[in-house]
> 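Can you keep this structure in mind? I'll have questions shortly.
All figures in this text were calculated on a predicted structure; none of them were measured in a lab.
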Amino acid sequence: MKTIHYDIDNDLHYLQLLSQSFPTVADASTEIINLSAILNLPKGTEHFLADIHGEYEAFQHVLKNASGNIKRKVNELFGNTLRESEKRELCTLIYYPEQKLELVKANEEDIDDWYHITLHQLVSVCRDVSSKYTRSKVRKALPAEFSYIIQELLHERTEDTNKTAYVNVIIDTIISTGRADDFIIAIANVIQRLAIDQLHILGDIYDRGPGAHIIMDTMENYNKWDIQWGNHDVLWMGALAGNDACICNVIRLSLRYANLATLEDGYGINLVPLATFAMETYGDDPCEEFIPHINGGAGKMDEKTTRLTTLMHKAIAVLQFKTEAKIYEAHPEWGMQDRELFNFIDYDKGTITLDGKVYPLKSNHFPTIDPKRPNELTFEEKVLMGKLHHSFKVSEKLHKHIRLMLRHGCMYAVYNNNLLFHASVPLNEDGSLKEVQVWIGKKYKGQELMYQTGMLIRTAFQNDSDPEEKKYAIDYFLYLWCGPDSPLFDKSKMATFERYFIAEKETHHEEKGYYFQLRDNEEIVDRILDAFHVPEPNRHIINGHVPVHVMNGENPIKANGKLMVIDGGFSQAYHKETGIAGYTLVYHSRGFQLVQHEPFTSQADAIQKGTDIKSTTQIVEMSAHRMLVADTDKGKELKQQIADLEELLYAYRHGYLKESEKK
């Protein structure tokens, strides 16, 4: 037997603390046995989503069906014993138990017989999805009122002749006592919860779609999740922190996509002052460039509402360009004064000069601009900005949701040899890591850039921060949103002004940073992974941010399988552009599966017709052996805990510590 020598004297203080949790040899030994057993369970399933953009119905459905994982389980269990229609009905019941039960009870002639068959089927599915977890972990996932019953059904089978009557009586009694509906709802929710062990959101919950606040409400009660912040999330953070340019951008995007539900209904932002100002200031302006996008919902608006939305859209856009210019002037170190585009307009001729070339403006009606001081806010604009600023600052629900995002989020994360971030790691032309200024006078690159950016974001929300640092942090949200070297943007410019006011498409071009140009190069991807200390082998970068144009033949798998881009376009605004409705990624004990989704119709269709999101699964990488908990980051933690407990046993058995009497 191998003799292990411990440095007990140096570890004694820690072991004394550990002994409070495991006061006897028996306690420590039992925990070692338990942890060693857990190491040999299959790895839990991880679920990766990105760029949800307020599409809450599609998002919730993908959560409920675990990107097809539940459907796959149902097919494996009942492939030869149930018709396709019956499997589809069972899946829909698991996804939407309350609504589906109402339909079943309205149409089913023998409801007790249906209950009996369905309860057995649900128990089988629940048993399968819970099989890779410890009983303790499953027990914690169970609702209190049915915990004992579900545990009994999971661990006893009708195949055991000694227990057949026992199991059947439990099922019969659930039905006879009128608890079948409640039990079905409870066990369906348990299946949904256990189908996914960890959810990773790679940024951009906000903007475009109608329900970012509903998504955040969902995440508030979700079991185990993390988020790597996206540029749209950071924009909303900046708005809450008090960055006026971010506030204007948030409102402008909502008006551009005719989506005011999140602002008004979700967060109680008062847009009446903006509407009043817009009608008074731009009432006689056609504002043709500012008619909202139909994909965002304008098709559902009447003519009067569309007109008002259009006027508000122009009013907030002009206010945005002015407030942005003020921040650029305050921070010459960003080198973004060239984006103060009102300075380059000839208001008499209706032209603008960019890069030495003169372009005509599509519209030259700027009643709030003084050509001598084009970025100055009028008195009325200052009053309006003050009201909008106040409305964001006092939104309790927005405060709650941004706190949730800060608690669960960061700029990047490394999970099980996968490097997760939303958009980019800025690179030089040769593929080396690029230094970017974060704090005033301080530049960082790679992992340190991501970390320091995250620290600066948090500084904006800390009451004990240095006032100057906090003010800079609040301003920096604008750079993160549209700065050329921002790891959340990484393009030459954000051509918002050009798309509104200049017809020539050459001015609309946004040159992508070198990360996007070089990310198909395996050597450069390896260099980035090395910089973030991601261990080999089987390591990957997983991103969102840039939609994958499937219709143009673009492949989401890059760098010989080491980089995966999972933004296929959840947002309806992207569907025509990408040809699909998003990618999600599933990483289970046998490897990676990339799931390509077609557009989701509606929850009503899913419930009434049993329609699911049509998805195509692509095997990205399969493991040579089934991965266990021992192969994961959690496994490393458990192995260290086992080593610590073994040292505690040594201390007990060699007299360094005494066992405590159990109370």
Side-chain angles (χ1 to χ4, degrees), residues 207 231-232 234-235 238-239 243-253 256 289-290 313-347 350-364 366 368-377 381 385 423-424 426 434 436-438 440 453 456 471-514 516 545:
D207 289 330
N231 52 322
H232 288 267
V234 163
L235 186 66
N243 185 310
D244 287 345
C246 290
I247 290 172
C248 291
N249 269 285
V250 162
I251 297 172
R252 180 185 61 80
L253 283 165
R256 179 178 175 82
E289 305 83 6
F290 294 90
H313 188 184
K314 180 166 185 176
I316 202 66
V318 172
L319 195 55
Q320 172 193 316
F321 298 136
K322 288 185 176 185
T323 53
E324 287 177 345
K326 290 290 187 183
I327 297 177
Y328 298 149
E329 278 297 311
H331 297 286
E333 69 276 9
W334 295 354
M336 294 185 70
Q337 288 93 332
D338 63 336
R339 298 307 299 161
E340 299 173 28
L341 297 182
F342 283 154
N343 292 346
F344 309 132
I345 294 177
D346 185 323
Y347 292 92
T351 61
I352 186 169
T353 303
L354 298 178
D355 299 321
K357 188 172 180 180
V358 179
Y359 297 94
L361 296 175
K362 291 192 288 185
S363 169
N364 190 33
F366 298 108
T368 69
I369 288 182
D370 176 356
K372 296 178 181 177
R373 298 182 300 167
N375 297 314
E376 286 296 315
L377 272 63
E381 285 176 322
M385 195 69 250
S424 160
K434 186 173 187 177
V436 179
Q437 177 175 295
V438 181
I440 298 175
T453 300
L456 189 59
K471 183 179 183 305
Y472 180 79
I474 293 171
D475 285 352
Y476 199 75
F477 280 110
L478 179 61
Y479 188 86
L480 287 172
W481 167 243
C482 61
D485 290 326
S486 164
L488 294 175
F489 183 62
D490 199 7
K491 296 180 185 178
S492 58
K493 65 181 180 183
M494 186 176 284
T496 305
F497 180 96
E498 289 89 336
R499 285 191 291 269
Y500 283 132
F501 290 110
I502 305 175
E504 284 79 1
K505 292 291 181 68
E506 65 191 65
T507 66
H508 303 180
H509 179 66
E510 301 171 344
E511 185 68 25
K512 293 177 182 176
Y514 288 113
F516 300 109
H545 186 58

> Considering all heavy atoms of both residues, which atom of Y500 and which atom of R252 are nearest to each other, and what is their separation?
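Smallest heavy-atom distance, with atoms named: OH-NH1, 3.1 Å.
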> Can you find a heavy atom in the side chain of D346 that is under 4.5 Å from one in the side chain of T353?
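A side-chain contact is absent here, since even the closest heavy-atom pair is not under 4.5 Å.
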> Nearest 0.5 Å, please: how far is CZ in F342 from CD1 in I369?
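Reported to 0.5 Å precision, the distance equals 3.5 Å.
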> Hey, could you give me the CZ/NZ distance between F516 and K491, rounded to the nearest 0.5 Å?
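The CZ atom of F516 sits 7.0 Å away from the NZ atom of K491.
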> Is the side chain of Y328 donor-acceptor paired with the backbone N or O of D338 at a distance under 3.5 Å, no angle test?
no
> What class does the angle between the rings of F497 and F501 fall in, given that below 30° is parallel, 30 to 60° is tilted and above 60° is perpendicular?
tilted
> Can you name the nearest heavy-atom pair linking F477 to N243, along with the distance?
CB-ND2, 4.2 Å
> Side chains of I352 and T507, heavy atoms from C-beta outward: is any pair under 4.5 Å?
no
> As an exercise, state the distance from CG of N364 to OG1 of T351, rounded to the nearest 0.5 Å.
8.0 Å
> Determine all donor-acceptor pairs shorter than 3.5 Å in which one atom belongs to a side chain in residues 478-488; sequence neighbours excluded.
residue	atom	partner	partner atom	Å
Y479	OH	D485	N	3.2
W481	NE1	N249	OD1	3.3
D485	OD1	K434	NZ	2.9
S486	OG	L480	O	2.7
S486	OG	L488	N	3.0

> Rounded to the nearest 0.5 Å, how far apart are CZ of F321 and CZ of R339?
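Reported value, rounded in 0.5 Å steps: 8.5 Å.
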> Would you say that Y347 contacts P374 through its side chain, given a criterion of any heavy-atom pair below 4.5 Å between the two side chains?
yes
> Heavy atoms only: give me the nearest Q437-E333 pair and the separation to one decimal.
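Nearest heavy atoms, Q437 then E333: NE2-CG, 3.0 Å.
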> Would a distance-only check, ignoring hydrogens and angles, find a side-chain to backbone donor-acceptor pair under 3.5 Å from H508 to A495?
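Absent.
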> If we only count heavy atoms from C-beta on, is the L341 to L354 side-chain gap below 4.5 Å?
yes
> Can you name the one residue among E289, E504, E510 that meets salt bridge (charged side-chain N to carboxylate O under 4.0 Å, His left out) with R499?
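Among E289, E504, E510, the one meeting salt bridge (charged side-chain N to carboxylate O under 4.0 Å, His left out) with R499 is E510.
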> Which residues pass the salt bridge (Lys or Arg N to Asp or Glu O under 4.0 Å) test with K357, not counting sequence neighbours?
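Partners of K357 by the salt bridge (Lys or Arg N to Asp or Glu O under 4.0 Å) criterion, ordered by chain and then number, come out as E506.
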> Would you compute the distance between atom CE of M385 and atom OG1 of T323 and round it to the nearest 0.5 angstrom?
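Nearest 0.5 Å value for the CE-OG1 distance: 6.5 Å.
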> Among E498, E511, E324, exactly one meets salt bridge (charged side-chain N to carboxylate O under 4.0 Å, His left out) together with K493. Which residue is that?
E498
> Can you name the closest pair of heavy atoms from C246 and A239 and give their distance?
CB-N, 3.6 Å
> E340 and side chain to side chain contact (heavy atoms under 4.5 Å, CB included): which single residue from K322, E329, K326 fits?
E329
> Begin with the C-alpha distance, continue with both residues' side-chain angles, and end with the deciding distance and a verdict on side-chain contact (heavy atoms from CB on, under 4.5 Å) for V318 and E381.
CA-CA 10 Å; V318 172; E381 285 176 322; 4.2 Å; yes
> If you compare all heavy atoms of A245 against all heavy atoms of I327, which two are closest, and at what distance to 0.1 Å?
CB-CD1, 3.9 Å
> Within this structure, what is the CE-CE distance for the pair M494 and M336, rounded to the nearest 0.5 Å?
8.5 Å
> Is there a side-chain contact between Y476 and H331 in this structure, where contact means two heavy atoms from C-beta onward sitting under 4.5 Å apart?
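The answer is no; the side chains never approach within 4.5 Å.
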